[in-house]
Amino acid sequence: MLENLITDANLIVPEIIVAVTLLLVVLFDLIFHKDKSIIPYIGIVGLFAALYYAIQGLPQNSYAFTTAATSHQYGLLAIDSFGSYFKILILITSILIIFFSKASSEIQRIKDRSGEYYALIMGMVLGMLFMVSASDLIIIYLSVELLSLSSYVLAGFTKLRDRNSEASLKYLIYGAVSSGLMLFGISLLYGMTGNTNLIAINTVLRNSSINILTYSFSLILIFVGIGFKISAVPFHFWTPDVYEGSPISITAFLSVASKAAGFALLIRFIKTAFILNETDSGSWSMIEFFDWQTFIIIISILTMTLGNFVALWQNNLKRMLAYSSIAHAGYMLLGVAVLSNQGILAVMIHFLVYMLMNIGAFYIVMLIANKTGSEDIDDYNRLGYASPFLGVSLSIFLISLTGLPPLAGFISKLYIFLAVIDAKLITVAVIAVINSVVSLYYYIRVLKHMFLKKADQEPKGLKLAPAEIVFVLILLIPTIIFGLYFTPMIEFARNSLSILGY
Amino acid sequence: MNGFPILSWITFLPIIGMIAVLIMPNKMEKGIKLITLVITGLQVILAIILLSNFNYSAGGIYEASSFQFIEKFRWIEISGLSWLGTFKVDYFLGVDGISMPMLLLTALVSFIATISSWKINKSVKGFFALFLLLDTGMMGVFVALDFLLFYIFWELMLLPMYFLIGIWGGPRKEYAAIKFFIYTLFGSVFMLLVMIGLYFSTTEVIADGSRVFTFNLLAMMDPTNYTTNGILSPLNPNNYRFIAYIALFAGFAIKIPMFPFHTWLPDAHVEAPTPISVILAGVLIKMGTYGILRISYPIFPQITLDLAYYIGLFGVINIIYGGLVALAQKDFKKMIAYSSVSHMGYVLLGMASMSTIGINGAIFQMFNHGTITAMLFLIVGVVYDRAHTREINAFGGLANKMPMYTGFVTIAFFAAIGLPSLSGFVSEALVFVGAFSSETTRILTMFGTLGILIGAAYMLWTLQRIFFGEFNKKWDDVLTDIDFREYAMLVPLAIIVIFLGIYPSAMLDILNTSVNTLVGFLHSSAATITKMSM
Amino acid sequence: MEVGLNHFLIVSTILFSFGLYGIVTRKNAIMVLMGVELILNAANINFVAFSSFGNFGINGQLYALFVIILAAAEAAIALAIVLNIYKTFSKVNIDEINNLKD
Amino acid sequence: MLDTNIINISLVILLLPLFGFITVVFFGKRFSKLYLLEVAIIVAAFILSLYVGYTKLTTYLHQDLNFSFTWIDFGNVFGKGSMHIDLGIKLDNITVIMLFVVTLISMLVHIFSMAYMEGDKRFSRYYSYLGIFTFSMLGIVLTDNLLMMYIFWELVGLSSYLLIGFWYEKKSASDAGKKAFLTNRVGDIGMFIGILILFTNYKSFSFDYIFNQISNGVLPFGSEAWLTAAGILVFMGAVGKSAQFPLHIWLPDAMEGPTPVSALIHAATMVAAGVYLGLRIFVMLTADAMLVIAVIGAFTSFFAASIALTQNDIKKVLAYSTVSQLGYMVLSIGVGAYTFAFFHLVTHAFFKACLFLGSGSVIHSMHHEQDMRQMGGLKKKMPITYASFVISSLAISGIPLTSGFLSKDGILAGSLAFGHLTGHWLIPALGFLVALMTAFYMFRLVLMTFHGEPRNKEKYDHAKESPFVMVMPLIVLSLLSLFFWYTPNPVSPEAGWFAGSWVKTPHTVVPETSRFNFMKSDIMTEQDQTSEHNESGSIVEPEEEVVHSEMYMHAMHWAHYPAMILSLVLATLGILLAFVMYQWKKISPDKVTNTFNKLRLYNGSLNKWYVDEIYNSTFIGGTMVLSRFLSWFDKYIVDGIVNGTAAFTRVFSTISGYFDTYIVDGLVNGTAFFSGSIGLALRKLQTGKVQTYIVLVLFSVIILFYLIGPF
Amino acid sequence: MGIYDIIFYLFAAITIVSAAIVVNTKNIIHSAFSLLLTFFGVSGLYALLGADFLAIVQIMVYVGGILILLLFGVMLTNKITNVDIKTGVLNVIPAILGLGIFGAVLIFIVTSTNWHVEKLVIPKTTTSMLGNLLLTDYVLVFELLAILLLIALIGAASIARRDKE
């Protein structure tokens, strides 16, 4: 028993480290209640350690916490390279977000509560780490809740403005209902299969006939919960409001890490529970009761279209980026909809790139908001001249988000389209490219304001700390390099493709 | 060229220049301008070196071995993808008779445009940095032989162009810039899809002997490389190939710009600053026709042959429609912008002929239009710089006030009209001869010849309104004859226009072998593909 | 008709629907939270009923237990947030708190 | 190698004026006397062409000299074999005669202009333009192929444009230049299409090669109709350049240019280029084409003469008279009187140049007064001008002992024969009517200008005989209007060397079936057959005239004397009528005017039958309306359709105001509009009320379930 | 209809009726106390299903914990003097419509499904079995829940406490 426990614990070292860091943060919060500036560093150290072990854990491929009642391959967690890839992404994002938070004036103003802030961040990280490797519906539900509960609080954490609290409340109610629906779906699925383990469910589905109506309904309900996390239309409604209302560091975190975790969860859920078999060329044939492809394509088209078209109208940059992140979720869902390793690869690459460019964009928005106190697009007028570095960097991030060469965003878009066209989903591809043209409008609009518009008064140049420039460069340089030489990025993703299961 | 990567140099030299410009402090405007001038000057020199080493008898088009100055190495290689085998992208540059004139044109027009930018004084650094980036994009498009590389260069010039119009442009610059951007992007995203479709339909043998999918344009042209069920493979019984052709063509057509996708052009031209109008008209819109010749024609030969009539039809519509609309313009620059629409119609018509003479004429027209329109836009720039208006009716009688200027205007206008002994005539005549000799485009050609008349009408009318008649005393102080800098821009172009008018073989000999190869390849490959798909 | 699985499921379904109804219609945030609790309870009934009738072992009860604990945690956070809202807006009517919108 | 020498000399003649043009253009400002170089050059060119003409007409009378080189080489063209475009020159008899005529008149005009244009601020520019004109004209004359013909054709158009609009400060002048260029281009389009037809079929532009192919039975697209079409289309160029109806409108306006220019370009040389082209392609004209040409010519000559009757501007009368005479020449080509078409071209060049220069002399001395109603009685003041003017007028009226009598008589005879053979009697009838009208309006002009009482005393007092450089050309030209240069027998042109041996009707190459009956050769001579089977590419001219059948010879013979007598009678009648009305005042011109005006004829004629007005309101107006419409269409509809759809625009126009306010800067056009509208609609969902969101989620779940569920 | 059935219907009725009151009454206090009844009803249903431990936990946690929390919430967010602690409704029609369809669909599919039903087995010792499971197979969940509770604690405390001004 204990041996098992130790073996299992070895498999989840990153999670354990994060949990310990969480406790340490709480502890240090109590010890150093005068000056809490050390706390973020504890978090950073802990996350780096976790990252180290996550990278170490890349080649691992086994189940952890196998249940005694069943054979070995039915674990609560699946520790595989796919999960580790996302764990690495999430941990990197978390580290970036901690630096991000340190630079953010919003977070600086609540310094005395920074212990709780970082503790909750750790809670989110932990939730996400479990999400990406969860292979049991209960773990899925609980890890989603762990993530959610932390983020509900964080969304309203600063309490600086009305909208913080409002974001928090909306997020809470929306999240509670979504997870409630998901739970109900889980209970129905449990009723049909008598199990909550994805592999076990897969076995049941292969071998017995089930009521398709109930089955579909429960899957849709479960998808509500996941769709809520990845802000897929029509489960996205919270996204713009919460993104706008939250502290910008949390917005960035939600838009990248929590979405990554959601996607990892979705992919694992589909791939583990509903696959019939995987061909040599990496495409999946699915158990036929539920047409995942059509379903996700519908969601995906809705998502990208709504995200892009509504983003056109936004004047608040944070809100615009929220819609843009919805749109990107749509593109990534396209990668999922292909239902092949190729699509998954595209999603993985897209996340890597998306992390760079989205955090970069948010970071610059934050830097500007720090100084000007505004995220309004009109306040960006002529900013490109006042602060050329920020202007150019933000332009590059936004152009990369548009998916224009020679930036990394193009490569990830290319991979998605490679997958989609190879799957012969031509109509979908056409809709997607038209969407990407539409997206240009709002991204370029920011550039227009920064460089083309006339300002009432010339904005003052922003003085940047060296650390801030370094932070931007850390994100900017890979965005450019990966656009021109993307072999390492794709090699990395390709080596992390294996998902446990059939 | 003894292993000297001259094409890479000519393509990426501006990037080096851009970095240098960015390093320079803001205040050293002269220095920034000089760097740009030196860089573009070096480009011209490299282009001349290329020309002097150019083998006139090498065909190129579909045959890697007869391309020249080839640079090819594996840029991206990712193996072990179970569904793709190896994902690879080559850095593959090369030149043949079709790209050589475009390369010369790009180098020349960039150089002239640099001189023309001398008076830019707003955010000088930004302007020249973007200008040089644009230069790389344009040059790259004309030398790339790998579709992905081509696409990257193609998109690369969008953003600099957006800013160059949007920041340094006229009153409605933002509108014009975004319109340009959106139109072009709209075209190019479909190009992206077609590119991916083609990627999955063609394989190429790589070093280890296995066949992998490829972006290599030359491999895509070889019917034997098609996969059995690739989405755009003729072996695959679906009509995607046709749709893909249309999509690809639309992408290029927007750039040309072909009716009815041309509406971005007048706006962009009118709002853009003079050097950018020069680049836009001189080089950028050639990318569309170049792309059609380089990609659409050899990769989809049988569809090209089937649709020749429609290509020609749109060409003729462009000629007549563009001309008639130009006739109604009151803005000097807009008039010239529409004349570009009209003149690009000749290119389309020539291409539609599918004959050596016609395509020769079309490419020659591309080059000539590049030089002539560059001249025309510079000419507009001259009066606009001085009078700050482009209203045609605001002027009159400039011939006496600015005789040398009028001289250049006359050359440029008559070249645009297609007066013999100037280069425009030869290309237009060849286009007509070629198009008429093809059964499909014969009747169209007859309508197309109306363009000769309409062109003369709007050009001469404009000439009359601006240069003849009574001089408007309002401009007495501002309008002075052209200065040294303007000579430096106009003289080389005028010399080229006259020289090629008298001795067109200087250019046509460069083209000829490749065009013959292309025409031959079109027919033989179409036959092969038809046989395959049966 | 003998009471069977379906009876329990119908109860849970009704409870679920009422919960949703409450969430959707009530203005007061706390009453919305009550609706959430109803949903969770409905799911719990399902878990327990399935595990008992389907002979799936006792796992279902365990899951219900987890959910109950989670509901408590969620309620704690929810109420904290509601209090925070009350401090900020002096009201807890959700529909009146909509500064964030398009 | 004498023939090489001649070719080389011809090339020198061609390039000399170009050299002059370039030199004067670049250095004319700096060296004000540089125009003398230009004059010297043209004198040299004249002397050289005299030499060339002499050598050709003596040594190589029956042999053509050719020289050509490859201009553009297309290499081995797919499916068509080797292909190239050649340029070259060809010297045959009409070439060298034209060479002589062009250089001579050009030289005289150069000299005349030294005085006439003196003091003009763009004096050297004027000479450079004359230089490029001469160059282009010589190019037309010398070329051996259609492409080069077209090239120089256009260049002639350009120089004409430049010279007509020389005084571009005057709007009427620049208008006239533009009109000339554009009208010519209309004809040129036809010509170009004709050339395209020929090139497409024969892969060559060379006259000889094309004719050889036709005579070998290779027809364009295999049909005679296309041959007819090609002939007519190429001839369209001549219609433009030679100001034939309906493209004649530019020539009278072209009188806005300096008068020596009118003499050179719009009387003697450029307008004759059209006729020259007609002669060049004469051998490939089918019967139908010839009939069309004859009708055009006849109508034009009559139509223009009818206008010339009433004009008051001295140059306008001459301009319409030129149109009318060109109509004669075209008619002559149409009826197959090749020799006389060319003959009339030459004689007309001299006497019409003389008339124009004479009028220039008058205008010069009257201080640029052109209205005849302001003149009168000038014969005393300007005796030499008067004398030369009268000689030329007699020549144009076709009075014996003048060159005009010889050529015109030939044309009338030819047309009469044609009418007799084909039944198209209207053509000779119009021809004779025009002879009457010509004599009348020419002498009306002479009488109003030189006879009677001076009407404008002030101007009259200042008038004096022009300087020597101006009268010398007049003397030379009027002398050339006399018969003895062309034939020893003043009533029989055939007896002379010109029509008798230098210029012979070439053998037509069109298939028998599409010739006129009278042109069908009854008996093929041996030379004929050898020429048809000569495949070397150049035709050796048959030594004997074998073109016409016996029938035609008979008809010609029959027509000769009636035509001569009739034309003489009509010309005399015309002159008499002019005297009656303007010298002896027996009939008041006003009365005649009123009489005719009852049918609105006088005003119609005075206003050139409103052709310009009709064109303005139809073609030009229509084009402008169309172009403005298209411009509007482009701006609002095409842009609209492409950017979105027009329907969409309409539907959403109601909210466009809103849209404009908020999004106009970034989302300006229709696609944006469209996408913006979608965005706007979707945006409405984002109410900010979380419970609404939940309702939407629930509905979505149901919809998704419906969509995806297995129903 | 046996006694088991009668008890079931009783508890079911309590649950449903009180739930209906919870979501329909205007008075928050009424609604909170109805919720208490609902929890009791559910607890009874658990007992009927043989989940005795769960029934107790339900009452302890829900009634002792969550409901008290909710009541605190009600008290803290409404002035106690305010006699009618009432709350309005919104979205009633779409809610009834949507949930009518939703509930109908749900009931239809729930009843039409051929669930895996075996004989109702009432285990005797659920408490120990649950305890065993919790510390063996589901020890991870156990730990996870511990952290979740910690997070909830930190979160609730940090967001609800008064800021140091």
Side-chain angles (χ1 to χ4, degrees), chain C residues 2-11 13-22 24-31 33-35 37-38 41 44-45 48-50 52-55 58-59 61-62 64-66 68-77 79-84 86 92-93 95, chain E residues 4-5 8 12 15-16 19-20 22-23 28 31 35 38 42 45-46 49-51 54 57-58 61-62 65-66 69-70 72-74 76-77 87-92 95 99 102-103 106-107 110-111 115-118 120-121 123 126 129-130 133-134 138 141 145 148-149 152 155-156 159-160:
Chain C
E2 194 174 335
V3 170
L5 178 62
N6 280 354
H7 291 76
F8 286 95
L9 294 182
I10 289 167
V11 171
T13 306
I14 293 171
L15 208 55
F16 182 73
S17 304
F18 277 144
L20 281 175
Y21 179 78
V24 172
T25 56
R26 310 317 299 257
K27 287 182 176 175
N28 190 303
I30 294 175
M31 300 190 71
L33 293 177
M34 292 179 189
E37 300 301 340
L38 290 185
N41 270 285
N44 273 354
I45 293 176
V48 178
F50 283 134
S52 297
F53 279 96
N55 197 13
I58 204 163
N59 295 23
Q61 293 189 21
L62 194 61
L65 188 61
F66 295 152
I68 291 173
I69 296 165
L70 191 115
E74 194 170 72
I77 285 191
L79 282 165
I81 288 173
V82 171
L83 285 181
N84 189 29
Y86 184 70
V92 287
N93 282 1
D95 61 313
Chain E
Y4 184 88
D5 297 2
F8 168 78
T15 311
I16 289 166
V22 169
V23 296
I28 299 184
S31 146
L35 191 61
T38 313
V42 173
L45 293 177
Y46 289 162
L49 287 165
L54 207 55
V57 171
Q58 166 85 1
V61 176
Y62 267 109
I66 297 173
L69 261 175
L70 288 173
F72 264 116
V74 173
L76 286 170
T77 58
T87 177
V89 290
L90 75 169
N91 293 331
V92 176
L99 289 167
F102 197 87
L106 210 51
I107 287 175
V110 159
T111 53
W115 299 103
H116 177 79
V117 176
E118 293 184 9
L120 179 60
V121 184
T126 54
M129 284 168 75
L130 285 173
L133 264 184
L134 198 57
Y138 289 96
V141 181
L145 280 170
L148 198 139
L149 285 172
I159 205 151

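Just so it is clear: chains get the letters A, B, ... in the order the sequence lines come, proteins before strands, and each one is counted from 1.
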Going by the rule ring-ring contact (aromatic ring centres under 6.0 Å, His included), which residues pair with C:Y21 if we only count those two or more places apart in sequence or in a different chain? none

Spacing of OH belonging to E:Y62 relative to CG belonging to C:N44, to within rounding of 0.5 Å: 6.0 Å

With a 4.5 angstrom heavy-atom cut-off, could you sort out which part of E:L130 is near chain C: side chain, backbone, both or neither? both

With sequence neighbours excluded, residues passing side-chain contact (heavy atoms from CB on, under 4.5 Å) with E:L145: A:L142, C:F66, C:I69, E:V141

Name the region of C:L20, side chain, backbone, both or neither, that has any atom closer than 4.5 Å to a heavy atom of chain E. both

Look up atom CG in E:L99 and atom CZ in C:F18, then write down how far apart they are to the nearest 0.5 Å. 10.0 Å

Atom CG of E:L45 and atom NE2 of C:H7: how far apart are they, to the nearest 0.5 Å? 12.0 Å

Measure E:T38 against the heavy atoms of chain C and call it side chain, backbone, both or neither at under 4.5 Å. side chain

What's the separation between atom CD1 in C:I30 and atom CG in E:L35, rounded to the nearest 0.5 Å? 12.0 Å

CD of C:E74 to CG of E:L148: how many Å apart, nearest 0.5 Å? 9.0 Å

Identify which part of C:A29 has an atom lying under 4.5 Å from any heavy atom of chain E, answering side chain, backbone, both or neither. neither

Just say parallel, tilted or perpendicular for the rings of E:W115 and C:F50, cut-offs at 30° and 60°. tilted

For chain C, which of E:L149, E:V92, E:I16, E:T15 has the most heavy-atom pairs under 4.5 Å? E:I16

Side chain, backbone, both or neither: which part of E:F72 has a non-hydrogen atom closer than 4.5 Å to chain C? neither

Are any of the side-chain heavy atoms of C:F16 and E:I107 separated by less than 4.5 Å? no

E:I159 side, atom CD1; C:N84 side, atom CG - distance, nearest 0.5 Å: 5.0 Å

